[in-house]
Participant: 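Have a look at this one before I ask anything.
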Amino acid sequence: MKTILDFSKKELEGMVKPSFRAKQIYEWIYKKGAVEFTQMSNLPAAMRAELTKNYTIDSVREVKCEISRDGSKKYLFALHDGKTVESVLLPMKEELSDENGELKRHARYTICVSSQVGCKMGCAFCFTAKGGFVRNLSAGEIVGQILYIKRANEIPYERRVNVVYMGMGEPLDNFENVKKAVEILKENDGLAIGARRQTISTSGLASQIKKLGEYDLGVLLAISLHAVNDELRDKLMPVNKAYNIAAVMEAIREFPIDQRKRIMFEYLVLGGVNDHESDAKTLVKLLNGIKAKVNLILFNPHEGSEFKRPAMSDVEKFRDFLRSKGVTCTIRESKGLDISAACGQLREKVKYDNA
Ligand code: SAH
Ligand code: SF4
């Protein structure tokens, strides 16, 4: 059965009469956390029955949830056809000043979602790549991961939630559905997660980055760079043969971005492969003139992987070099390393300051 989460509010307005019912349905699902249409007490009984006959609310079913000692939770979800994807909830503290200028700590959450079952991109270090591509997720299957996690963890409606498209799949290879998910999540009568709190992470599909820029949705962009010369990047990320580093950098330079925001560059540090000072030097040159922040991710080894985890001291050296040249750089902590590494990618990269 089709999930109602697939519909934008506008589409829903075209489907139900009178159209203000769409707002009520949205509020029930996204604000009040209804799990059945029968709960929607201000809808006519006939409409509730009709909706129940044709649609489900949830698009994902929890199969497993692993809780890490650091508080992150990794979910395995089954979709309607039995295919599975992963999502991660990362609780974190953020510091905000109140109206008197006093520093207050608030709980904040980042939810990392999958955009495809599998992935076509074939990156050498990635566990998802091993299984190949299975299918795209629909917009409702993306939105459903967030809705489920918010509800299951009783995260209050007003609590700030960031979304990162850093789970399984290449979001820009599922362009239309990801764009629609961004828009559904933004909806004020829905979850109201602004585009500036949503980050799309891409392996560098330059033409799609351009297309995304033209829509000017307001989403943030993260680029998985991982290598600073084409020779190495070709080997690590086959997508580089279609869009090399120069093509990716050109697309990024044109990408519209909020004055206060930066483009995030993810750099997966592979021990002995891309962690030399010469790499750091070239990276500084590449980023010249771009409002960038670099997020160094420690490679998370998985079964059968040919790479090794870098030494922390090398990663720190790399970071210190970038900083000495004025490049903002952080090292991503290993979140949830004690929970099973099925996906091989969901744990270390997500916690970064979206503000
Ligand atoms: N396809 C998109 C988004 C999903 S992957 C992309 O590639 O950007 C999200 C991030 O996880 C990417 O930066 C990816 O390179 C990284 N990643 C993949 N395998 C990893 C591993 N074994 N350890 C750590 N990070 C990994
Ligand atoms: Fe796909 Fe991203 Fe994994 Fe590369 S790193 S195979 S693009 S999910």
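Both counts, for ligands and for their atoms, begin at 1 and track the order of listing.
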Participant: Salt-bridged, Lys83 to Glu141, with N to O below 4.0 Å?
Facilitator: no
Participant: Quick one: does ligand 1 sit under 4.0 Å from the side chain of Phe125, the backbone, both or neither, non-hydrogen atoms only?
Facilitator: both
Participant: Considering the heavy atoms of Met121, write down every atom of ligand 2 situated less than 4.0 Å from one of them.
Facilitator: 1 (Fe), 7 (S)
Participant: Would you say Phe299 and ligand 1 have an N/O pair spaced under 3.5 Å apart?
Facilitator: no
Participant: Can Lys10 and Glu187 be counted as an ion pair, charged N to O under 4.0 angstrom?
Facilitator: no
Participant: Check ligand 2 against Cys123 and write out every atom of the ligand that is under 4.0 Å from a heavy-atom position of the residue.
Facilitator: 4 (Fe), 5 (S), 6 (S), 7 (S)
Participant: Do Tyr215 and Leu212 sit in one hydrophobic cluster, given that two such residues count as connected whenever their side-chain heavy atoms are within less than 4.5 Å of each other, even indirectly?
Facilitator: yes
Participant: Is the distance between atom 4 (Fe) of ligand 2 and the nearest N/O/S atom of Cys119 smaller than 2.8 Å?
Facilitator: no
Participant: Can a cation-pi geometry be assigned to Lys150 and Tyr30, taking NZ or CZ under 6.0 Å from the six-membered ring centre and within 45° of the ring axis?
Facilitator: no
Participant: Ligand 1 versus Asn300, non-hydrogen atoms closer than 4.0 Å: side chain, backbone, both, neither?
Facilitator: both
Participant: Please say yes or no: joined through hydrophobic side-chain contacts below 4.5 Å, possibly via intermediate residues, are Val294 and Met312 part of one cluster?
Facilitator: yes
Participant: One residue to check: Thr128. Relative to ligand 1, which of side chain, backbone, both or neither has a non-hydrogen atom less than 4.0 Å away?
Facilitator: neither
Participant: May I ask you to list the atoms of ligand 1 that are less than 4.0 angstrom from any heavy atom of Leu268?
Facilitator: 23 (N), 24 (C), 25 (N)
Participant: Using a 4.0 Å cutoff against the non-hydrogen atoms of Ala129, which atoms of ligand 2 qualify?
Facilitator: 6 (S)
Participant: Heavy atoms only, cut-off 4.0 Å: how does His226 contact ligand 1, side chain, backbone, both, or neither?
Facilitator: side chain
Participant: Take atom NZ of Lys120 as the centre, draw a 6.0 Å sphere, and report whether it contains more than 12 heavy atoms from other residues, nucleotides or ligands.
Facilitator: yes
Participant: Could you tell me whether Glu86 and Lys74 make a salt bridge, using a distance below 4.0 angstrom between a side-chain N and a carboxylate O?
Facilitator: yes
Participant: Report the member of Ser224, Ser201, Cys126 with the shortest heavy-atom distance to atom 12 (C) of ligand 1.
Facilitator: Ser224
Participant: Any carboxylate oxygen within less than 4.0 angstrom of a Lys/Arg side-chain nitrogen, looking at Glu277 and Lys281?
Facilitator: yes
Participant: If you measure only the distance, is there a donor-acceptor pair under 3.5 Å linking the side chains of Asn174 and Ser115?
Facilitator: no
Participant: Looking at Ser203, which atoms of ligand 2 are within less than 4.0 Å of one of its heavy atoms?
Facilitator: 7 (S)
Participant: Any N or O on Glu266 sitting closer than 3.5 Å to an N or O of ligand 1?
Facilitator: yes
Participant: Which ligand 1 atoms does Gly169 reach within 4.0 Å, using its non-hydrogen atoms?
Facilitator: 1 (N), 2 (C), 3 (C), 4 (C)
Participant: Only heavy atoms of Gly167, strictly under 4.0 Å: list the atoms of ligand 1 that pass.
Facilitator: 4 (C), 5 (S)
Participant: For a ring pair (Phe, Tyr, Trp, His ring centres under 6.0 Å) check, start with the C-alpha distance between Tyr148 and Phe77, then their side-chain angles and the critical distance, and finish with the verdict.
Facilitator: CA-CA 10 Å; Tyr148 182 90; Phe77 287 127; 5.3 Å; yes
Participant: Any idea which atoms of ligand 1 are less than 4.0 Å away from a heavy-atom of Thr202?
Facilitator: 6 (C), 8 (O)
Participant: Considering the heavy atoms of Tyr165, write down every atom of ligand 1 situated less than 4.0 Å from one of them.
Facilitator: 3 (C)
Participant: Say whether, by atom type as modelled, one donor and one acceptor occur between the side chain of His80 and the main chain of Ser59 under 3.5 angstrom.
Facilitator: no
